[in-house]
Amino acid sequence: GDPELDLPPSPHPLRPVQLEEVRAHGRFGVVWKGIMTDQVVAVKIMPFKERSSWMTEQEIYKLPHMKHDNLLAFIGAEKREENLWLISVFHEFGSLSDYLKGNTITWSELCKIAESMTNGLAYLHDEIPVARGLEGKPSIAHRDFKSKNVLLKDDLTACIADLGLAIKFEPGKSPGETHGLVGTRRYMAPEVLEGAISFNRDAFLRIDMYACGLVMWELMSRCSGSDAPVEDYQLPYEEEIGSHPTLEDMQELVVMKKIRPSVKDHWIRHAGLEALIPTIEECWDQDAEARVSADCVHERLLQIGRTLNV
Ligand code: ADE
């Protein structure tokens with residue numbers, strides 16, 4: 001092949017970005033670590049055919065009140081030659097999924113990650129009403145919540161990334177384009193797998209909560225809090241259906257058999273992990289209306305973290 005094609009795209013003359021190395025591959029493109037002036041940045045480079053995801057992500061980030069400690073900080077969006085770029089703050093640890101692959105976590109680290117992650121999700125879901133001429137923030141559903149889309153900052157708090165499938169709900173307005181079957185198969189709620197979702201705000205927020213329960217399970221499965229040895233990192237349902245489940249595999253497992261990731265026996269020998277079990281089960285309830293909200297999970301985590309400082 002042409003060796004030129006393997007080179008990173010040339011930096012823009014006005015906002016020079018030096019691309020250093022590829023850090024992640026996603027469905028929508030490749031994430032590079034780069035240097036912009038004196039700042040380390042993450043650059044998501046997407047092919048032109050992913051322009052709707054590129055547009056959505058920047059539109060969501062540009063909404064009022066979208067700066068929050070537990071949401072990835074957006075820097076800018078650009079068209080460069082053939083590609084579409086999304087530039088954000090860089091986090092050395094990368095995604096929660098990558099971190100759990102390489103590291104176990106203590107109980108206090110679990111509390112910190114889960115608390116900050118649900119704080120970010122609760123904030124995304126929350127509506128800030130317009131008041132006295134001040135701008136509001138619509139309620140936003142993520143629609144691709146998973147451990148790969150949660151990043152860990154240097155202090156091991158979480159921030160939520162990848163808003164390319166997100167939708168906003170403005171009071172009195174229709175959310176626009178809403179076909180149901182989006183997201184990552186493994187993390188799809190039963191009603192999504194069934195193709196049976198109603199297109200209202202609460203239905204979408206509950207779909208995020210199902211996925212949030214799976215991510216909490218991933219955290220618990222890598223927690224060194226109890227006496228038992230910690231098993232190698234596995235994605236949710238990896239034990240049950242392996243690495244490349246088809247839609248049919250997921251439907252059979254999650255919709256028909258109503259299977260969920262296994263709650264480990266040793267968790268009940270750790271007061272903190274034990275206290276979290278009902279909450280993850282309420283996140284992934286088959287009945288979407290029975291699921292807990294992100295704000296409720298966040299409150300419970302604060303409570304459990306305070307009382308069970310084990
Ligand atoms: N992977 C995806 N986005 C990232 C970011 N902002 N920083 C580090 N790794 C990432």
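No hydrogens, no waters, no symmetry mates; every other heavy atom, side chains included, goes into these values. Atoms within each ligand, like the ligands themselves, are counted from 1 in listed order. In this chain, numbering begins with 1 at the start of the sequence shown.
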Taking a 3.5 Å cut-off between nitrogen or oxygen atoms, can you list every pair linking ligand 1 to the protein, with distances?
| unit_1 | atom_1 | unit_2 | atom_2 | d |
| --- | --- | --- | --- | --- |
| ligand 1 | 6 (N) | Val89 | O | 2.9 |
| ligand 1 | 7 (N) | His91 | N | 2.9 |

Next item on the list: Count the heavy atoms belonging to other residues, nucleotides or ligands that lie under 6.0 Å from CD of Glu248, then report whether that count exceeds 12.
Entry: yes
Check: How are the rings of Tyr99 and Phe93 set to each other: parallel, tilted or perpendicular (split at 30° and 60°)?
Finding: perpendicular
Checklist line | Candidates Asp202, Asp208, Asp295 - the one meeting side chain to side chain donor-acceptor pair (under 3.5 Å) with His125 | finding: Asp208
Could you pull out every donor-acceptor pair under 3.5 Å between side chains of residues 128-137 and any protein atom, sequence neighbours left out?
| unit_1 | atom_1 | unit_2 | atom_2 | d |
| --- | --- | --- | --- | --- |
| Lys137 | NZ | Tyr123 | O | 2.9 |
| Lys137 | NZ | Leu124 | O | 2.8 |
| Lys137 | NZ | Asp126 | O | 2.6 |

Margin query: Applying the salt bridge (Lys or Arg N to Asp or Glu O under 4.0 Å) criterion to Asp162, which one of Lys44, Lys148, Arg27 satisfies it?
Written below: Lys44
Margin query: Tell me the closest heavy-atom pair linking Ala211 and Tyr187, and the distance in Å.
Written below: CB-O, 3.9 Å
